[in-house]
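Let me begin by presenting the structure, written as structure tokens, before commenting on it.
Worth knowing before you read on, the calculation uses all heavy atoms, side chains too, and leaves out hydrogens, waters and symmetry mates.
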Amino acid sequence: MAKNIISRSKDYPQWYLDVIKAGDLAEHSPVRGCMIIKPQGYAVWERIQQDLDRRFKETGHVNAYFPLFIPKSFLAKEAAHVEGFAMECAIVTHSGLEPDGEGGLKPKGKLEEELIVRPTSETIIGHSFANWVQSWRDLPLLINQWANIVRWEMRTRLFLRTMEFLWQEGHTAHETAEEADRETRRMLDIYAEFAEDVLAIPVIKGEKTESERFAGADHTYTIEAMMQDGKALQAGTSHNLGQNFSKAFNIQFQTRDQGLEYAYTTSWGVSTRLIGGLIMTHSDDEGLILPPKVAPIVVAIVPIYRKDAEKEKVLSYARELLVALCGEDQVEKAEKGLGSKEVVSILLEDGRGVVLDLRDTARPSDKFFHWEQRGVPIRIEVGPRDVEGGKAMVVTRHDRAKVLTEKMAIDANWLYAKLASQQEILLQRAREYRIARTFKVDSFDELKTKIEDGGFFLMHWDGSPETEEKLKECKASIRCIPEAERVETAEGFISTREPGKDPVSGKDSPGRVIVARSY
């Protein structure tokens, strides 16, 4: 176990923060509750952003940008929306500062209308949609924006819950309720596919209960993931807003039969919370583990030598490996721009990096530690004996296994095969972990006992808010009403549609829901 990281079994919250620090991902800012995303962390966010952006554009969505500031009167137009977000809003009341006569500053120029710092953009975008939509020919309107959000959180944790965070928010308008419903579910499917294919995080899709819906939505759909402490993480949501915001902001259009109708709208989003999910799904007591598809750097080549007489041969050999992975032209281009830098960095065609660590200021063991704690999937170690034997030591981050490999076998095809294998192993490992900690429960006492150790619990629910409220006694909530008719558990597949009795109320239940503690 790394000395700078406490064990997960000893103190899970501190382990999480230790991994972030060791991985150089983020740090607390001078503003309480906010974070500074460091280059390593932002590079992970860029990988997430690029892949999702491609998926959105492939489904016809286009990017736009809307103001950070929203007139307070806009928020008040949709009753459920203002009720849901009022306590989280940051408000701008003045237009500037002026000297207070005592060497400090005081507010100047009170605003005629106060401005809300964007907690979400349904209202400001609804205002724009009302101007953009005149006829059924203008629909569907498929918009996405990449932006920052401010929500006044009292209890914060890096990436998982901060006062300001980065996200994308999709907003669409449709001609019919059926089209809006298809869009809402399609985007949830995209999130689920992305989570599993890229982040290697297995998720359960489902619908939120009425009390857990987005403020102002008719339906909210979610993907729920299990972290290594057995808690649930809401990893993405998609909302069917019906005509609620259209009526509030007068998004009307002329129908095909010359009538007048309100548009049906949706919104959906994921955030930098996904980075927290990555950490808690895959990392270990040695530090960060990143799935290869989202890792900014996928290979670090580390030369090892003790004597100056060994240096030239080892560095030349390491360079040959770099050429085998990336191509001579790419290596020459990187070397020309190297300057005083001590790490040769090359981008593969898919944007991921391969580095050759030339630092003389760090011992080999320090270099190993450096790349391991940053979650680099593959490390290639090269020393004098490897040069003589035509081999290299390959270390895979997900299992820390060391395999002495023939130099001739190491090329681009070898690399992509290794990365694909590691990606699949991480997904399968996370899926098996979730299955092993998913249980059927048929009594409230059983739930209260078992939930102390974490996990997902398939429990009958009578559909009442009173029963849902009762779950707070064990600090749990209904995470979703599963979309799947069967969910795999430690006891095998369990039906989510088979009628039964709610163990809390004793009343009839149409099926089982996912209950868990959550972030």
Side-chain angles (χ1 to χ4, degrees), residues 8-9 12 185 188-189 191-192 195-196 200-213 219-237 277 280-282 427-519:
R8 287 163 291 182
S9 61
Y12 192 85
R185 294 174 183 274
L188 189 78
D189 288 343
Y191 287 153
E196 300 203 348
I201 300 177
V203 295
I204 291 178
K205 295 188 291 184
E207 183 172 1
K208 287 291 190 183
T209 63
E210 183 177 354
S211 67
E212 293 283 336
R213 280 180 199 155
H219 300 277
T220 287
Y221 302 95
T222 181
I223 52 172
E224 298 287 328
M226 182 187 289
M227 303 296 97
Q228 289 183 63
D229 61 349
K231 287 185 179 179
L233 182 77
Q234 180 180 288
T237 49
M280 291 197 294
T281 301
H282 302 298
L427 174 61
Q428 187 59 28
R429 187 161 76 183
R431 183 179 285 123
E432 289 172 357
Y433 182 84
R434 187 192 71 194
I435 292 168
R437 298 191 70 173
T438 301
F439 309 95
K440 178 185 74 170
V441 291
D442 289 317
S443 82
F444 193 34
D445 286 340
E446 182 185 12
L447 174 67
K448 287 190 284 187
T449 299
K450 287 186 173 180
I451 205 164
E452 291 300 322
D453 294 325
F456 283 2
F457 298 90
L458 280 164
M459 189 188 86
H460 275 290
W461 178 49
D462 62 11
S464 73
E466 291 78 18
T467 298
E468 197 172 357
E469 184 69 19
K470 188 81 172 173
L471 294 174
K472 291 182 180 179
E473 289 182 11
C474 53
K475 301 177 182 177
S477 61
I478 297 174
R479 303 314 306 155
C480 69
I481 304 164
E483 177 185 286
E485 294 185 2
R486 298 191 310 158
V487 171
E488 192 170 5
T489 74
E491 304 151 302
F493 282 96
I494 301 297
S495 170
T496 62
R497 301 290 187 268
E498 184 179 1
K501 294 288 185 182
D502 185 319
V504 178
S505 68
K507 296 179 181 178
D508 290 340
S509 161
R512 296 181 186 269
V513 295
I514 299 287
V515 175
R517 289 177 176 172
S518 67
Y519 285 95

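Listed for the His282 side chain is a donor-acceptor partner under 3.5 Å among the backbone atoms of Ala200. Listed for the Arg8 side chain is no donor-acceptor partner under 3.5 Å among the backbone atoms of Met280. A donor-acceptor contact shorter than 3.5 Å links the side chain of Thr496 to the backbone of Glu485.
A salt bridge between Lys205 and Asp189 is present, with a side-chain N of the basic residue lying under 4.0 Å from a carboxylate O of the acidic one. Ion pairing of Lys470 with Glu466 is absent here, as no side-chain N (NZ or NE/NH1/NH2) approaches a carboxylate O to less than 4.0 Å. Classification of Glu498 and Arg512 as a salt-bridged pair fails, no side-chain N sitting under 4.0 Å from a carboxylate O.
Nearest heavy-atom pair across Gln228 and Tyr12 is N-OH, 3.5 Å. The two residues Lys448 and Glu473 have their closest heavy-atom pair at NZ-OE1, 4.3 Å. When every heavy atom of Ala516 is checked against every heavy atom of Gly455, the shortest pair comes out as CB-O, 3.5 Å. Across every non-hydrogen atom of Ile201 and Glu196, the tightest pair is O-CG, 3.3 Å. Closest of all the heavy-atom pairs between Asp442 and Pro503 is O-CB, 3.4 Å. Closest of all the heavy-atom pairs between Pro482 and Val487 is CB-CG2, 4.3 Å.
The CD atom of Glu212 sits 11.5 Å away from atom OG1 of Thr237, with the distance rounded to the nearest 0.5 Å. With rounding to the nearest 0.5 angstrom, the CZ atom of Arg213 is 7.5 Å from the OG1 atom of Thr220. How far CD of Glu446 is from CD1 of Ile451: 11.5 Å, rounded to the nearest 0.5 Å.
None of Glu468, Glu207, Glu224 except one satisfies the salt bridge (charged side-chain N to carboxylate O under 4.0 Å, His left out) rule with Arg479; the exception is Glu224.
No side-chain N or O of Asp502 forms a donor-acceptor pair with one of Ser509 less than 3.5 Å apart. Side-chain polar atoms of Asp229 and Tyr519 form a donor-acceptor pair below 3.5 angstrom. Under 3.5 Å, the side chains of Asp462 and Ser464 contain a donor-acceptor pair of N or O atoms.
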*Evaluate side chain to side chain donor-acceptor pair (under 3.5 Å) for Tyr433 paired with Arg429, printing each intermediate quantity in order.*
CA-CA 6 Å; Tyr433 182 84; Arg429 187 161 76 183; over 6 Å; no
_side chain to side chain contact (heavy atoms under 4.5 Å, CB included) assessment of Ile204 paired with Ile223_ = CA-CA 5 Å; Ile204 291 178; Ile223 52 172; over 6 Å; no
*Please lay out, stage by stage, how Leu458 and Ile514 fare under the test side chain to side chain contact (heavy atoms under 4.5 Å, CB included).*
CA-CA 5 Å; Leu458 280 164; Ile514 299 287; 3.5 Å; yes
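Under a cutoff of 6.0 Å and an axis angle of 45°, Lys440 and Phe457 do not form a cation-pi pair.
At a threshold of 4.5 Å between non-hydrogen side-chain atoms, the residues Lys450 and Arg437 do not count as touching. Contact annotation: the side chain of Val513 approaches that of Val515 to within less than 4.5 Å [non-hydrogen atoms, C-beta and beyond].
Remark: Glu491 CD is packed, more than 12 non-hydrogen atoms of other residues, nucleotides or ligands lying under 6.0 Å away.
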